[in-house]
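Working notes, beginning with the structure itself.
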Amino acid sequence: MKNHLKVWLVAMILFSLLMGTAQSTTYAASSKKILGTEFTNGLVLFKQYGKYGMLDKKGKVAIKPLYQAIDQSKRTNLLRVKKNNKYGFINQKGKVIVKPQYDFAEVGLNNPIIVIKNSKYGLISTSGKTIVKPKYETIGDFQNGVAYYKSNSKYGIIDTKGKIVLPPTYEKITENTNGVFKVSQDNKFGLINKQGKVIITPVYTSINPFANGLFKVKNDGKYGIINASGQTIVTPKYDGISEVFNGFAQTRLNGKWGFISSKGKIIAEPVYDSVSVFRRGLAPVITDGKLGYLDTTGKVIIQPQYEEAYDGDGSALYEFWQNAAVVAKNGKYGLINKQGQVILDFNYESISLFNKSGLAIIRQNNKYGIVNVTGKVIVQPSYDSLRLATYGDGQFTDDFVIFKKNNKEGALNSKGKVFIQPKYDRLDPFQYKGLIRVKQGSKYGLLSSTGKVLIKPKYSDIQPFYKSDYNLALVEYNGKYGFINAKGKIAITPQYDEVRSFKEGLVYVKKNGKAGFVDKKGKVVIKLIYS
């Protein structure tokens, strides 16, 4: 019996020790601080015991971890918090401004703040004062000091102080465009101003913002334009009116196309088979299969006589992206300027879209050359392969052209001279200071704008230089991450397993499972002690 008791006691002691260890492990795990990845208004999130708090830039706790969520806006004095599934607000020192009590609250960017409680909408100020207790069925966004609200299934207007401007009157108020409201009654739409006065009674099938304070309206299947005073600018007569682009919209009537300005002025009646958009003051139009151009007054500047030209991606080359457009005659490509003069004869099988530097690739007898925007052939078609210097999907372009020889890439400058010998597997422009990323095998290096080697290919990756990252480029070396500067020098040694983007002068880093923040010189500002 004693032996059994002894065994039982030993077993209980071992079990207690085991359970104690398990509890300690669980406790330790829950007490770990999990660090957020970026600062906003001088604070960064952290999580502990399943709750969120905030640290300052010295790593000190500014707000204790008490909340289910903390959200910041550009407003520095207000943070939205969630506690016990309710929303409220605190300041940057953690002082409660509005006790968490709402089922939902806007993040706090605007004043007043819309809040919801028991499915009812109300308003509070950014100082925490209750403006309107939650009692409305909805409240819209404030513009020009007013918003629509809904009460007893009808819509009215309220101002930022909670004062009723217009009692619940309309079946629906759907939009607030700078203080002009779209209202509806019996499936018809009209406009009222921010004082609730009728601009135009609900008589239209649809009303939508157009441009310059104008509205596109539809009546009896036809579209027109009215102003914010309800005056008719363009009589509803069109089958369609497009969105405004570069100050003009396309109109359609009986299968023909024309233009109106963003102010509603008729530029060209719908008499064309098709039209494109205005670029650099000219718009392409098609009549009887021939391409010509209008200016912004509707005058025909270039008589319809050409064929449309497209590149391999389907982009319209015949639009004036630069001061020259690519057009075709009898299936051959050439260039015209804005005065309608032919500046490059129709002798080419293809011409690319001009880049921002005014260079394009020409092809003749399956050989490639370079032309500039004045029509001057810089390099006669003699290369087997040429491509414009672009990065990624073309968001970065530079004034050089990349050629290929023996399956290696080199570069020609804007005068057609070789300034990078063909010895790289890939060249990419890096917009900032004309820097060029090069690739050899699986490694990346960096050249200056003149082709001088700043870094021999040694990195697994070099990302672009972004202003938001203090014009430092993220690099990867032996599976670790750091930053280099525009001279190719190391700014932050590649030693981290994870690196994010800079925000407010600091960047999140992680090493051996521990996270912290360093500055742009690589100095550790918040120690790497967080999960």
Side-chain angles (χ1 to χ4, degrees), residues 242 245-246 248 250 252 255-259 268 270-296 298-390 394 397 401-403 412 414 416:
S242 74
F245 181 82
N246 283 345
F248 298 90
Q250 300 164 359
R252 178 172 51 87
K256 298 291 184 178
W257 296 83
F259 288 101
V271 295
Y272 298 101
D273 296 331
S274 68
V275 298
S276 191
V277 296
F278 274 92
R279 295 188 193 276
R280 297 181 179 268
L282 294 180
V285 296
I286 305 292
T287 299
D288 297 328
K290 296 298 181 181
L291 171 71
Y293 295 84
L294 304 181
D295 69 10
T296 56
K299 181 182 177 181
V300 176
I301 298 298
I302 302 172
Q303 291 295 329
Q305 57 187 296
Y306 299 111
E307 300 160 14
E308 298 164 277
Y310 297 91
D311 69 5
D313 295 328
S315 295
L317 299 171
Y318 55 87
E319 294 178 5
F320 275 90
W321 297 83
Q322 292 283 357
N323 290 320
V326 182
V327 293
K329 260 192 175 182
N330 301 319
K332 291 290 187 178
Y333 287 57
L335 296 176
I336 59 173
N337 63 19
K338 292 172 67 176
Q339 289 71 46
Q341 299 167 325
V342 175
I343 58 174
L344 184 66
D345 287 333
F346 299 91
N347 295 322
Y348 299 93
E349 296 147 19
S350 69
I351 301 177
S352 74
L353 195 69
F354 280 96
N355 69 8
K356 293 178 181 178
S357 300
L359 299 177
I361 306 297
I362 53 177
R363 179 167 62 96
Q364 189 178 56
N365 299 323
N366 282 324
K367 294 290 185 178
Y368 296 87
I370 306 170
V371 67
N372 69 16
V373 76
T374 68
K376 181 182 177 180
V377 176
I378 295 169
V379 175
Q380 292 292 335
S382 56
Y383 285 90
D384 293 328
S385 173
L386 287 179
R387 67 180 177 88
L388 297 172
T390 62
T397 63
V401 175
I402 298 163
F403 69 95
L412 305 168
S414 59

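Along the sequence shown, the residues carry numbers beginning at 1.
- No option in L412, V371, I378 other than I378 meets the side-chain contact (heavy atoms from CB on, under 4.5 Å) test with L359.
- A donor-acceptor pair under 3.5 Å is absent between the side-chain atoms of K338 and the main chain of F320, judged by distance alone.
- Checked by atom type and distance alone, the side chain of Q305 pairs as donor or acceptor with a backbone atom of Q303 at under 3.5 Å.
- When all heavy atoms of P270 and K256 are compared, the closest pair comes out as O-CB, 3.3 Å.
- A donor-acceptor pair under 3.5 Å is absent between the side-chain atoms of E319 and the main chain of P284, judged by distance alone.
- The structure places OG of S276 at 9.0 Å from OH of Y293, a figure rounded to the nearest 0.5 Å.
- Note that CD1 of I336 is 11.5 Å distant from CG of L344, once rounded to the nearest 0.5 Å.
- Not a single donor-acceptor pair under 3.5 Å links the side chain of Q380 to the backbone N or O of G369.
- Counting only heavy atoms from C-beta outward, the side chains of L282 and D295 approach each other to under 4.5 Å.
- The aromatic ring centroids of F248 and F278 lie less than 6.0 Å from each other.
- For Y368, the side-chain contact (heavy atoms from CB on, under 4.5 Å) partners two or more places apart in sequence, or in a different chain, are I361, R363, L386.
- Between the side chain of N337 and the backbone N or O of Q339, at least one donor-acceptor pair lies under 3.5 Å.
- When all heavy atoms are compared, the tightest approach of F346 to K329 is CD2-N, 3.7 Å.
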**Report entry** Candidate pair T374 and N372, rule side chain to side chain donor-acceptor pair (under 3.5 Å), full reasoning
**Finding:** CA-CA 5 Å; T374 68; N372 69 16; 2.6 Å; yes
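- In this structure, V379 and S382 approach most closely via the heavy-atom pair CG1-OG, 4.3 Å.
- Closest approach of N366 to E349, counting heavy atoms only: N-OE1, 3.2 Å.
- In this structure, the side chains of V285 and F259 come closer than 4.5 Å at one or more pairs of heavy atoms.
- Interatomic distance, CG of L353 versus CG of D311, reported as 6.0 Å (0.5 Å rounding).
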Practice problem: Please step through side-chain contact (heavy atoms from CB on, under 4.5 Å) for the pair Q250 and V277, ending with a clear verdict. | Solution: CA-CA 8 Å; Q250 300 164 359; V277 296; 3.7 Å; yes
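- With rounding to the nearest 0.5 angstrom, the CG atom of D273 is 12.0 Å from the CG atom of L291.
- Here Q322 contributes atom CD and L335 contributes atom CG; the two are 11.5 Å apart, rounded to the nearest 0.5 Å.
- Listed here is the closest heavy atom pair of S352 and A360: OG-CA, 3.4 Å.
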Check your understanding: After noting the C-alpha distance and the side-chain angles of L388 and V401, does the key distance pass the side-chain contact (heavy atoms from CB on, under 4.5 Å) rule?
Key -> CA-CA 5 Å; L388 297 172; V401 175; 4.2 Å; yes
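- Here the straight-line distance linking atom OH of Y333 with atom CD1 of I351 works out to 8.5 Å at 0.5 Å rounding.
- In this pair, F403 and Y383 present their aromatic rings tilted. The plane angle is within the 30 to 60° band.
- Taking the side chain as every heavy atom from C-beta outward, Y348 and P381 approach each other to under 4.5 Å.
- Although no hydrogens or angles enter the test, the distance criterion places a donor-acceptor pair under 3.5 Å between the side chain of W321 and the main chain of A316.
- Between I370 and V377, every side-chain heavy-atom pair lies at or beyond the 4.5 Å cut-off.
- The two residues A268 and L294 make their nearest non-hydrogen contact at CB-CD1, 3.9 Å.
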